[in-house]
Amino acid sequence: MIQIKLKDGSVREYQEGVTVLDVAKDISPGLARATLAGEWNGKVVDIRKKIDEDGTLNLLTFEEEQGKKAFWHTSSHIMAQAVKHLFPKARLAIGPAIDNGFYYDFDVDKPFSTEDLEDIEKEMAQIVKENLELDRFELPRQDAIQYMEEREEPYKVELIRDLPEDAVISFYRQGDFTDLCAGPHIASTGSVKAIRLLSVAGAYWRGSEKNKMLQRIYGITFPKKSQLKEYMNRLEEARKRDHRKIGKELDLFSIQEEGPGFPFFHPKGMILRNQLEDFWRKEHGKRGYQEIRTPMILNRDLWIRSGHWDHYKDNMYFTKIDGEDYAIKPMNCPGSMLLYKRKIYSYRDLPVRMAELGLVHRHELSGTLHGLMRVRCFTQDDAHIFMLPEQVRDEIIGVIDLVDYFYKVFGFRYHVELSTKPEDSMGSAEDWDRATNALKEALEIKGLDYRINEGDGAFYGPKIDFHLEDCIGRTWQCGTIQLDFQMPERFDLTYVGPDGEKHRPVMIHRVVFGSIERFIAILTEQFAGAFPVWISPVQVKFLSITNRSDDTINKMMEDFGKDGIRTESDLRNEKIGYKIREARMEKVPYMLVVGDKEVENGTVSVRSRSKGDLGTMKPEDFKARIEKEISKKTLD
RNA sequence: GCCAAUAUAGCUCAGCUGGCAGAGCAGCAGUUUCGUAAACUGCAGGUCAAGGGUUCGAAUCCCUUUAUUGGCUCCA
């Protein structure tokens, strides 16, 4: 007999060889149905796993991440089985579970159409109805290869060949379908109650464009129909908040055919930008940053010296001036280097914090462009901090605090990632270690949890990335802090130390918004266009009932304008309900209705975007209220 | 860049197997001066993304290009 400790702390005794599923059945049939995978001594295991020793077992359901993954992994097998039924010549590549559902890559002669997806969905429903049990078996390497060769699955053969020597090669079989798979998988196909295939896309075999393009089908499944409905609603909500849609509706920005990836900012979008930039300037001024501006076009030699020519050329735009080669800046750092070098710094001057709202141009592949999120020119809220080696930690902490402050103003949650040395990089391994450790140390002092992204650093140094979480759970990379021991070397930056000798300063690159354009896109989606009052392009809209109040409204607008409140008026000969409807669709925070009554009493009737009718008040009182919200940057 | 889909009025969209280019909203003109999410009538608005081809005839079928969308890859 063996002893198994469960999540709730209880311990149960079983015969050796009991499976995860047996334990679940023993507890309750309901739990057995809900159990999708197990966690045995901290490792995710298949529900068919035989247990031969004492240990701790967690039963994973759809509520747990790993339970979901098993459910979706099996769903991908069901999809592959359906595709094999309908398209026997399709060759199988890979089909994993992903964060939201699963996909499977197929090699087919003809791409799948939307009608094909419907047919596949129906076939999947049929497989689910048959409630096929999955069983797992293992084969030695040679037999496994032969098995897949017989089935004419060249991709599977390649996968098996690439498995490490000592790997257990396991297969899962459900009815007439067998797939090479490490698992885990759920017990049978019957628990998949709701299926939706979402899209087809091309995807390279093993993600490399040198390989053949396969057809990838994305899908999602759930144990309950209602969960699928909820998921589809969430997708719908995301579509409604799409910054491209809202940006058009609210007349914030556009991208014209004449400039793919080069956005145009409209008057109202400019107000947003300017508010963000004003805020940024003020906060950076407070923290000892000096603002600079460097040219957009600089000589090729500079880019060779900075290393961009070798490491970033494919993303750069070039031009010729008087027969000389110039590049349009993809980053602001080389310009800042030149400014640092314009004079001699003493150790007493450091740290020097040079900030620049710099417009950079980068050639991005046409297929990756996406509204303001992915563009070919954008404004980085950049800064380069030059410092003594012993100042590194505190400077990084200063930036972490600044980023934290900025994100909280907008009500964002975020998480942090640390990226280490990539393959294509400059500098010695020791420099990289030193830099990486400095970043780690700062994070640990701040008590921030972080994830490590191996090999994801910039070519000149490791970095900390800040990922914003928006209100529907998506994340966006915005702020970064990148340590750079290379650039000071390349540009021979120096400061004069207490010993009168020249020394090498350390430098960090950092951004808070990341890209102003992307940040505006994120804000738009976060607030669904209903921006906080302090950045709203229009803060107050005056609505008249009849043209008898036009003069009063015009006077009030002038008065509000003097105090820096952004107003508009709707004096058209329309009904008040119609004007309110329009102002609401424009997401204006406050509507002030002024009719005969208000003119007579010297009041305004206030209607808030979020709270509805607030009754009448004196214009001064309303002004005090909104001014307070603006200065406090209230989120509503 | 690669795979697929899409492109019709300022916006949202209809236009089926080829046969005179349509609607709603917005705009303009008039009527209505109205109290918290759409008053009424009329007018105007188009090189159907661009170019080529098939056809008696193309928004519609074919090809090329451009852009957009969803992915792959890449990244702020």
Side-chain angles (χ1 to χ4, degrees), chain A residues 103 105 108 110-114 116 198-218 239 242 244-245 248-249 251 254-261 312 314-315 330-332 358 360 362-382 419 456 458 463 465-468 476-480 482 509 511-519 521-522 543-550 571-585 591-598 605-608 612-616:
Chain A
Y103 67 79
D105 287 347
V108 281
K110 213 170 79 170
F112 295 112
S113 67
T114 15
D116 291 338
L198 299 164
S199 63
V200 208
Y204 300 108
W205 166 237
R206 303 199 140 173
S208 164
E209 56 190 303
K210 291 185 192 82
N211 292 334
K212 183 162 185 188
M213 168 121 359
L214 308 173
Q215 290 296 311
R216 172 173 299 178
I217 304 181
Y218 285 88
R239 261 194 293 277
D242 192 314
R244 294 166 299 185
K245 178 173 137 65
K248 192 188 264 181
E249 285 167 359
D251 199 20
S254 61
I255 296 174
Q256 313 277 338
E257 194 163 333
E258 287 77 358
Y312 209 71
D314 291 346
N315 284 299
M331 295 188 195
N332 301 305
V360 296
R362 298 181 184 177
H363 182 71
E364 300 292 347
L365 297 177
S366 60
T368 65
L369 302 177
H370 179 90
L372 292 181
M373 296 281 191
R374 241 356 242 281
V375 290
R376 284 177 173 158
C377 74
F378 59 98
T379 307
Q380 283 186 309
D381 62 317
D382 220 338
S419 298
D456 218 24
K463 58 177 183 170
D465 291 325
F466 294 82
H467 294 254
L468 283 187
W476 307 98
Q477 196 205 308
C478 293
T480 69
Q482 310 184 341
H509 312 245
V511 289
V512 181
F513 291 136
S515 136
I516 305 272
E517 287 76 4
R518 176 183 282 182
F519 200 79
I522 296 168
L543 310 179
S544 62
I545 304 279
T546 71
N547 55 17
R548 290 188 295 277
S549 49
D550 289 4
L571 306 181
R572 290 176 304 175
N573 179 7
E574 292 287 355
K575 289 192 167 175
I576 190 66
Y578 177 83
K579 295 185 185 183
I580 286 169
R581 183 186 139 82
E582 266 194 10
R584 281 205 58 103
M585 290 196 303
M591 292 164 238
L592 301 188
V593 178
V594 181
D596 291 342
K597 271 187 283 181
E598 288 79 7
S605 175
V606 182
R607 195 186 158 105
S608 135
D613 198 341
L614 299 180
T616 57

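Just so we're on the same page: letters track the sequence lines, and every chain starts at 1.
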ask   = When all nucleic acid strands are considered with a 4.0 Å heavy-atom cut-off, which category describes V593(A): base, sugar-phosphate, or nothing?
value = base
key: K597(A) versus S605(A), side-chain donor and acceptor atoms under 3.5 Å   = no
task = Might you work through the salt bridge (charged side-chain N to carboxylate O under 4.0 Å, His left out) test for D105(A) and R216(A), ending with a clear yes or no?
result = CA-CA 4 Å; D105(A) 287 347; R216(A) 172 173 299 178; 2.7 Å; yes
ask   = Within the structure shown, what part of the strands sits under 4.0 Å from V375(A) by heavy-atom distance: base, sugar-phosphate, or nothing?
value = base
inquiry  = If you go through the side-chain atoms of E364(A), does one of them form a donor-acceptor pair with the base of G1(B) closer than 3.5 Å?
reply    = no
key: C1' gap between C40(B) and U33(B), integer Å   = 14 Å
ask   = Nearest of U66(B), G35(B), A76(B) to any side-chain atom of K597(A)?
value = G35(B)
Donor-acceptor under 3.5 Å (D381(A) side chain, G514(A) main chain) = yes
Interatomic distance at C1', C16(B) relative to C74(B), whole Å = 42 Å
task = Taking only the side-chain heavy atoms of K575(A) (C-beta and beyond), determine which of C72(B), A37(B), C34(B) contains the nearest atom.
result = C34(B)
query = So what does I576(A) hit on the nucleic acid, given a heavy-atom distance under 4.0 Å: a base, only sugar-phosphate, or nothing?
reply = sugar-phosphate
inquiry  = By nearest atom, which of the nucleotides G35(B), A37(B), A76(B) is closest to the I580(A) side chain?
reply    = A37(B)
query = With respect to the side chain of T368(A), which nucleotide from U33(B), U68(B), G1(B) is positioned closest?
reply = G1(B)
ask   = So what does E598(A) touch, heavy atoms closer than 4.0 Å: a base, only the sugar-phosphate, or nothing?
value = base
task = Could you tell me whether a side-chain N or O of S515(A) sits under 3.5 Å from a main-chain N or O of R518(A), the two making a donor and an acceptor?
result = yes
query = Base, sugar-phosphate alone, or nothing: which one does G595(A) contact when heavy atoms must sit under 4.0 Å apart?
reply = base
Spacing of the C1' atoms in U60(B) and U55(B) (rounded, Å) = 13 Å
ask   = Hey, does L369(A) reach any base, or is it just sugar-phosphate, or nothing, if we go heavy atoms under 4.0 Å?
value = sugar-phosphate
Selection from C75(B), G71(B), C72(B) that lies nearest to any side-chain heavy atom of A201(A) = G71(B)
request  = Under 4.0 Å between any heavy atoms, over every strand shown, what does K245(A) touch: base, sugar-phosphate, or nothing? Just pick one.
outcome  = nothing
ask   = Choosing from A39(B), A67(B), G1(B), which nucleotide comes nearest the side chain of E574(A)?
value = A39(B)
inquiry  = Nearest to the side chain of D596(A), heavy atoms from C-beta on, is which of G35(B), C72(B), U66(B)?
reply    = G35(B)
message = Taking pairing as Watson-Crick or G-U wobble with both contacts under 3.5 Å, can you name the mate of U17(B), or confirm there isn't one?
response = none
query = Contact class for Q477(A) vs. all strands (heavy atom < 4.0 Å): base, sugar-phosphate, or nothing?
reply = sugar-phosphate
Nearest-Å distance once atom P is located in both A23(B) and G45(B) = 13 Å
ask   = Rounding to the closest angstrom, what is the interatomic distance between C11(B) and G53(B) at atom P?
value = 30 Å
task = Just name whichever nucleotide pairs with U68(B), Watson-Crick or G-U, keeping both distances under 3.5 Å, else none.
result = A5(B)
request  = Using a cut-off of strictly less than 4.0 Å, decide whether S366(A) has a side-chain nitrogen or oxygen near OP1 or OP2 of G1(B).
outcome  = yes
inquiry  = Closer than 3.5 angstrom, by distance alone: can the side chain of R362(A) be matched with the main-chain N or O of N315(A) as a donor-acceptor pair?
reply    = no
query = Is any side-chain nitrogen or oxygen of H370(A) closer than 4.0 Å to OP1 or OP2 of G70(B)?
reply = yes
ask   = Contact class for M373(A) vs. all strands (heavy atom < 4.0 Å): base, sugar-phosphate, or nothing?
value = base
ask   = Using purine N1 to pyrimidine N3 plus N6-O4 or O6-N4 for Watson-Crick, or N1-O2 and O6-N3 for G-U wobble, both under 3.5 Å, which nucleotide pairs with G51(B)?
value = C63(B)
key: Y204(A) versus R206(A), side-chain donor and acceptor atoms under 3.5 Å   = no
key: A39(B) base stacked by Y578(A) (centroids within less than 5.5 Å, tilt under 30°)   = no
request  = Determine yes or no for a side-chain-to-main-chain donor-acceptor pair under 3.5 angstrom, with K463(A) supplying the side chain and H509(A) the backbone.
outcome  = no
query = If you check the R374(A) side chain, which of C75(B), U69(B), U68(B) turns out closest?
reply = C75(B)
inquiry  = Just the rounded figure in Å: distance from C1' of A26(B) to CZ of R581(A).
reply    = 12 Å
query = Starting at the 5' end of RNA chain B, which residue's closest nucleotide do you reach first, A458(A) or R607(A)?
reply = R607(A)
task = Tell which nucleotide pairs with G27(B), taking only Watson-Crick or G-U wobble pairs whose two distances are both under 3.5 angstrom.
result = C43(B)
inquiry  = Say we look at A59(B) and G22(B): how far apart would their C1' atoms be, to the nearest angstrom?
reply    = 12 Å
C1' spacing across the pair A21(B) / A44(B), given as an integer number of angstrom = 16 Å
ask   = Quick one: is U68(B) close enough that its OP1 or OP2 comes under 4.0 Å of any side-chain N or O from R244(A)?
value = no
inquiry  = What contact category does R216(A) fall into here, base, sugar-phosphate, or nothing, at under 4.0 angstrom with non-hydrogen atoms?
reply    = sugar-phosphate
query = Looking only at side-chain N and O atoms, does K248(A) come under 4.0 Å of OP1 or OP2 in U12(B)?
reply = yes
inquiry  = So R572(A), base contact, sugar-phosphate only, or nothing? Heavy-atom distance under 4.0 Å.
reply    = sugar-phosphate
query = How far, in whole Å, is C75(B) from G15(B) if one measures between their P atoms?
reply = 42 Å
note = With the side chain defined as heavy atoms from C-beta on, S605(A) is closest, among G71(B), G35(B), A76(B), to G35(B)
ask   = Under 3.5 Å, is there an N or O donor on one side and an acceptor on the other linking the side chain of Y204(A) and the base of G71(B)?
value = no
request  = Identify which nucleotide among U36(B), U66(B), C34(B) has an atom closest to any side-chain atom of R548(A), counting heavy atoms from C-beta outward.
outcome  = C34(B)
query = Which part of the nucleic acid does Y218(A) contact within heavy-atom distance under 4.0 Å: base, sugar-phosphate only, or nothing?
reply = sugar-phosphate
